[in-house]
Amino acid sequence: MTWNKWVRQSHRWLSITFTLTVAICFVALTGILPFWVFYVPLVPLFLLMFTGLYMFVLPYAAKRRAAVQS
């Protein structure tokens with residue numbers, strides 16, 4: 001598996017994890033779960049930010065790499 005595929009699949013699974021943690025936060029609004037549960041979605045959100053930035057920069061880096069080679 002190439003690096004790009006690994007990042008894309010990680011981003012996909014992190015988005016699923018983030019969605020589940022947000023759903024858990026809605027359960028926490030009922031008062032059943034402790035207050036720190038509201039911070040749990042921040043972990044996958046930060047990881048999503050890094051993988052998303054990588055995928056955002058990827059086409060620009062490829063374009064620049066192609067310009068340098070030609």
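For this chain, numbers begin at 1 and follow the sequence in order.
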How long is the straight-line distance from [atom2] of [Y] back to [atom1] of [X], given to the nearest 0.5 Å?
{"X": "W6", "Y": "T51", "atom1": "CH2", "atom2": "OG1", "result": "9.0 Å"}
{"X": "H11", "Y": "F50", "atom1": "NE2", "atom2": "CZ", "result": "13.0 Å"}
{"X": "T2", "Y": "R8", "atom1": "OG1", "atom2": "CZ", "result": "9.0 Å"}

My understanding is that only residues two or more places apart in sequence, or in another chain, count here; which of them pass side chain to side chain contact (heavy atoms under 4.5 Å, CB included) with I32?
T30
Quick one: do [X] and [Y] end up in the same hydrophobic cluster if we chain Ile, Leu, Val, Met, Phe, Trp and Tyr together by side-chain heavy atoms under 4.5 Å apart?
{"X": "V27", "Y": "F35", "value": "no"}
{"X": "Y60", "Y": "V7", "value": "no"}
{"X": "V43", "Y": "L20", "value": "no"}
{"X": "F18", "Y": "F46", "value": "yes"}
{"X": "L42", "Y": "F26", "value": "yes"}

Do you know which two heavy atoms are closest between P44 and L14, and how far apart they sit?
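Taking P44 first and L14 second, the nearest heavy atoms are CB-O, 4.0 Å.
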Work out which heavy atom in L48 is nearest to a heavy atom in S15; give both atom names and the distance.
CD2-N, 3.8 Å
Does any part of the side chain of L33, heavy atoms only, come nearer than 4.5 Å to the side chain of F38, both counted from C-beta?
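Heavy-atom side-chain distance check fails, nothing below 4.5 Å.
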Sub-4.5 Å side-chain heavy-atom contact between V40 and I24:
no
